[in-house]
Amino acid sequence: MYTFNPGPSQVYPQVRQYLQDAFDEGWLSAQHRGERFVQLMRQTVTELKNKLNIPQDYTVFFMSSATECWEVLAQSLTPNKSLHLYSGAFGEKWFEYAKALRPNSTGIKFGIDEIPDANNLPGLDEQTDLVCITQNETSNATQLRDGVVLNLYNRLPGNTLLAVDATSSLAGIQLKYIKADIWYASVQKCFGQPAGLSVMLLSPRAVERFRKINERSHYNSLTAQYEKMLNFQTTHTPNVLGIYLLSRTLHDRPAIKFTHQHLQDRATKLYDYFDQATQLTPMVQNPETRSTTVIGLQASAPLIEEVKRRALSQGLQLGSGYGTWKPTTLRIANFPAIPDAAFEQLVQFFAREFA
């Protein structure tokens with residue numbers, strides 16, 4: 001069975017051996033205050049920065065999920081309010097979560113074929129602590145290109161940081177981290193790992209800001225986490241197994257520039273095919289807003305159900321639509337852990353069954 005579900009998604013087949021190794025090497029009962037764990041943390045951070053081309057002066061944090069990142073950013077970096085630009089369900093959920101904690105936060109919704117206008121951001125002022133965007137919106141298969149992120153970053157007031165949800169793109173495509181202050185992602189997508197761990201990257205400017213705010217009211221407050229991470233420690237018992245699996249996977253994977261090109265080639269092949277199809281067509285019409293790592297297709301609700309049923313009978317699990325798009329769309333994950341053989345089988349399935 002190959003799964004194209006965009007999360008939790010297919011894990012690398014090597015994870016099976018990594019799990020056995022973790023058991024045999026005693027990582028499942030390792031002391032997280034000991035030197036052995038410190039060495040694992042240091043190694044994992046080094047692998048992350050080297051393999052994903054993350055700036056050396058960015059600080060790495062490990063948390064439980066992207067949802068926890070929403071909470072931590074609201075707690076520790078948003079004393080006033082945040083402004084959220086979103087086109088889909090996860091960007092909107094981030095906004096709703098932030099507003100629950102910081103009621104003055106505002107949101108701007110845009111369409112899936114649109115690019116947000118950096119020159120027209122109602123609510124953006126000197127009191128805005130964060131501008132928050134979803135670089136790759138898993139729910140509707142859209143993506144904000146590097147130029148869009150840079151344009152937003154260049155137009156922010158001096159006191160405002162740019163925060164980026166890259167949950168379904170980090171470790172899949174090459175990102176220009178210096179064009180934003182905060183990036184985060186869960187590992188159950190492009191990292192090819194089991195769920196239960198997330199990675200957050202903060203620029204020196206973001207570190208300076210939360211240290212100045214000095215919020216310490218929560219177990220996962222950034223100031224306290226930062227002080228521990230200076231010595232590759234955590235404020236709480238971490239997901240040792242998840243960090244171990246991430247370290248092993250990163251070590252065995254190629255540099256991000258090779259993964260990026262590979263996924264880009266596969267996405268182009270799929271979009272080219274479905275642009276010529278008649279029964280199933282791309283959900284996103286604007287090529288400039290189409291995701292590289294999540295391909296969305298649309299059709300009538302009965303046809304969508306038929307496609308998923310037939311695919312499953314042939315060992316191909318397709319991702320359902322999400323939210324308001326659920327009945328009439330399906331999603332295909334284009335993540336690194338999904339082998340080329342699965343994509344070839346998928347294309348042949350569509351050509352044979354739904355040409």
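Quick note: residue numbers are just sequence positions, from 1. Here the structure is a predicted model, which is why all the values come from computation and not from measurement. No hydrogens, no waters, no symmetry mates; every other heavy atom, side chains included, goes into these values.
- Taking the side chain as every heavy atom from C-beta outward, Phe274 and Leu280 approach each other to under 4.5 Å.
- In this structure, Phe90 has its ring center under 6.0 Å from that of Tyr322.
- Around atom CD of Gln31, no more than 12 heavy atoms belonging to other residues, nucleotides or ligands sit under 6.0 Å away.
- Two residues are said to be in side-chain contact when any heavy atoms from C-beta on lie closer than 4.5 Å; Leu202 and Leu222 meet this criterion.
- If you take CG on Asn231 and CZ on Arg33, they are separated by 10.5 Å, rounding to the nearest 0.5 Å.
- To the nearest 0.5 Å, atom CZ of residue Phe210 and atom OG1 of residue Thr78 are 13.0 Å apart.
- In summary, of the residues considered (Leu245, Leu170, Thr249), a side chain to side chain contact (heavy atoms under 4.5 Å, CB included) with Phe191 occurs for Leu170 alone.
- In this structure, Asn80 contributes its side chain and Asp129 its backbone to no donor-acceptor pair below 3.5 Å.
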task = Would you sort out whether Arg309 and Glu305 count as a salt bridge (Lys or Arg N to Asp or Glu O under 4.0 Å), showing the intermediate values?
result = CA-CA 6 Å; Arg309 185 188 64 78; Glu305 287 302 314; over 6 Å; no
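- Proximity of Ser76 to Ile213: side-chain heavy atoms (C-beta onward) are nowhere separated by under 4.5 Å.
- Between the side chains of Ser320 and Lys308, at least one donor N or O sits under 3.5 Å from an acceptor N or O.
- When only modelled atom types and interatomic distance are considered, Ser203 and Asp181 share a side-chain donor-acceptor pair under 3.5 Å.
- Although no hydrogens or angles enter the test, the distance criterion places a donor-acceptor pair under 3.5 Å between the side chain of Gln345 and the main chain of Gln314.
- Here CG of Asn53 is found 10.0 Å from CG of Leu175. Values are rounded to the nearest 0.5 Å.
- The minimum heavy-atom distance linking Leu101 with Ala74 is given by the pair CD1-CB, 3.6 Å.
- Side chains of Ser186 and Ser65: no donor on one and acceptor on the other come within 3.5 Å.
- At a threshold of 4.5 Å between side-chain heavy atoms, the hydrophobic network of Ile, Leu, Val, Met, Phe, Trp and Tyr places Leu230 and Val199 in one connected group.
- A side chain to side chain contact (heavy atoms under 4.5 Å, CB included) with Thr235 is found for one member of Met229, His218, Gln225, Glu227 and no other, namely Gln225.
- Thr106 places no side-chain N or O within donor-acceptor distance of the main-chain N or O of Gly123, the cut-off being under 3.5 Å.
- For the pair Pro204/Thr59, no side-chain contact is recorded, criterion being any heavy-atom separation below 4.5 Å from C-beta on.
- For the residue pair Gln10 / Thr3, no side-chain donor-acceptor distance below 3.5 Å is found, with atom types taken as modelled.
- Looking at Leu52 and Tyr177, their side chains come closer than 4.5 Å, going by heavy atoms from C-beta outward.
- Atom CE of residue Met63 and atom OG1 of residue Thr234 lie 11.0 Å apart, to the nearest 0.5 angstrom.
- Tyr271 and Leu263 end up in different hydrophobic clusters when Ile, Leu, Val, Met, Phe, Trp and Tyr side chains are linked at under 4.5 Å.
- For the side chain to side chain contact (heavy atoms under 4.5 Å, CB included) with Phe4, the qualifying choice from Asn334, Ile338, Val294 is Ile338, the only one to do so.
- Residues Arg211 and Val207 form a side-chain contact, since some pair of their non-hydrogen atoms from C-beta on lies under 4.5 Å apart.
- A donor-acceptor pair shorter than 3.5 Å can be found between the side chains of Tyr244 and Glu25.
- The main-chain N or O of Gly7 is found under 3.5 Å from a side-chain atom of Asn5 such that the two form a donor-acceptor pair.
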message = Pair Asp252, Tyr18 - check side-chain hydrogen bond (donor to acceptor under 3.5 Å, both in side chains), show working.
response = CA-CA 11 Å; Asp252 291 345; Tyr18 300 156; 2.5 Å; yes
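- Side-chain heavy atoms closer than 4.5 Å link hydrophobic residues (I, L, V, M, F, W, Y) into clusters, and following such links, even through other members, never connects Leu150 to Ile133.
- In this pair, Tyr273 and Phe350 present their aromatic rings tilted. The plane angle is within the 30 to 60° band.
- Remark: side-chain polar atoms of Glu114 are not paired, donor with acceptor, to backbone N or O of Phe110 under 3.5 angstrom.
- In this structure, the side chain of Thr128 engages the main chain of Asp125 through a donor-acceptor pair within 3.5 Å.
- Formation of a donor-acceptor pair under 3.5 Å by the Gln285 side chain with backbone atoms of Pro282 is found in this model.
- We find that Arg248 and Asp21 are joined by a salt bridge, their nearest charged nitrogen and carboxylate oxygen being less than 4.0 Å apart.
- With respect to Cys132, the side chain to side chain contact (heavy atoms under 4.5 Å, CB included) criterion is satisfied by exactly one of Trp70, Tyr86, Phe95, Trp94: Trp94.
- Side-chain contact, Arg290 with Gln143: no donor N or O sits under 3.5 Å from an acceptor N or O.
- A chain of hydrophobic side-chain contacts below 4.5 Å, direct or via other Ile, Leu, Val, Met, Phe, Trp or Tyr residues, connects Leu130 to Tyr58.
- Residues Lys93 and Asp165 are not paired through a salt bridge, judged by the lack of any N-O separation under 4.0 Å between the basic side chain and the carboxylate.
- Inter-residue side-chain proximity for Val38 and Gln233 is flagged as met; some heavy-atom pair is nearer than 4.5 Å.
- In the displayed structure, Arg16 atom CZ is contacted under 6.0 Å by at most 12 heavy atoms of other residues, nucleotides or ligands.
- Atom CD1 of Ile178 has 12 or fewer neighbouring heavy atoms from other residues, nucleotides or ligands inside a 6.0 Å radius.
- Side chain of Asn220 to main chain of Val72: no donor-acceptor pair is present (N/O by atom type, distance under 3.5 Å, no hydrogens or angles).
- A donor-acceptor pair under 3.5 Å is absent between the side-chain atoms of Arg102 and the main chain of Lys81, judged by distance alone.
- Under the 3.5 Å distance criterion, with hydrogens and angles disregarded, a donor-acceptor pair is assigned to the side chains of Glu215 and Ser221.
- Val240 and Leu48 fall within the same hydrophobic cluster, defined by Ile, Leu, Val, Met, Phe, Trp and Tyr side-chain heavy atoms under 4.5 Å apart, directly or through other members.
- We find that Asp146 and Lys179 are not joined by a salt bridge, their nearest charged nitrogen and carboxylate oxygen being 4.0 Å or further apart.
- Trp27 carries Arg36 over the face of its six-membered ring, with the cationic atom under 6.0 Å from the centre and within 45° of the normal.
- Distance CG/Asn120 to CD1/Ile108: 7.0 Å, rounded to 0.5 Å.
- With a 4.5 Å cut-off on side-chain heavy atoms, Leu161 and Val131 do not count as touching.
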key: Derivation of the side-chain hydrogen bond (donor to acceptor under 3.5 Å, both in side chains) call for Gln174 and Gln261   = CA-CA 9 Å; Gln174 195 158 14; Gln261 188 60 56; over 6 Å; no
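- Distance alone, capped at 3.5 Å, places no donor-acceptor pair between the Gln188 side chain and the Ser9 backbone.
- You'll find the ring centres of Phe61 and Tyr184 outside the 6.0 Å limit.
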request  = Any chance you could lay out the side-chain hydrogen bond (donor to acceptor under 3.5 Å, both in side chains) test for Glu344 and Gln348, step after step, and finish with the verdict?
outcome  = CA-CA 6 Å; Glu344 290 303 320; Gln348 291 172 17; 4.6 Å; no
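- Under the 3.5 Å distance criterion, with hydrogens and angles disregarded, a donor-acceptor pair is assigned to the side chains of Gln43 and Ser247.
- Look at Arg205 and Glu208 and you find no salt bridge, because none of the NZ, NE, NH1 or NH2 atoms lies under 4.0 Å from a carboxylate O.
- Salt bridge absent: Glu47 and Arg42 never bring a charged side-chain N and a carboxylate O closer than 4.0 Å.
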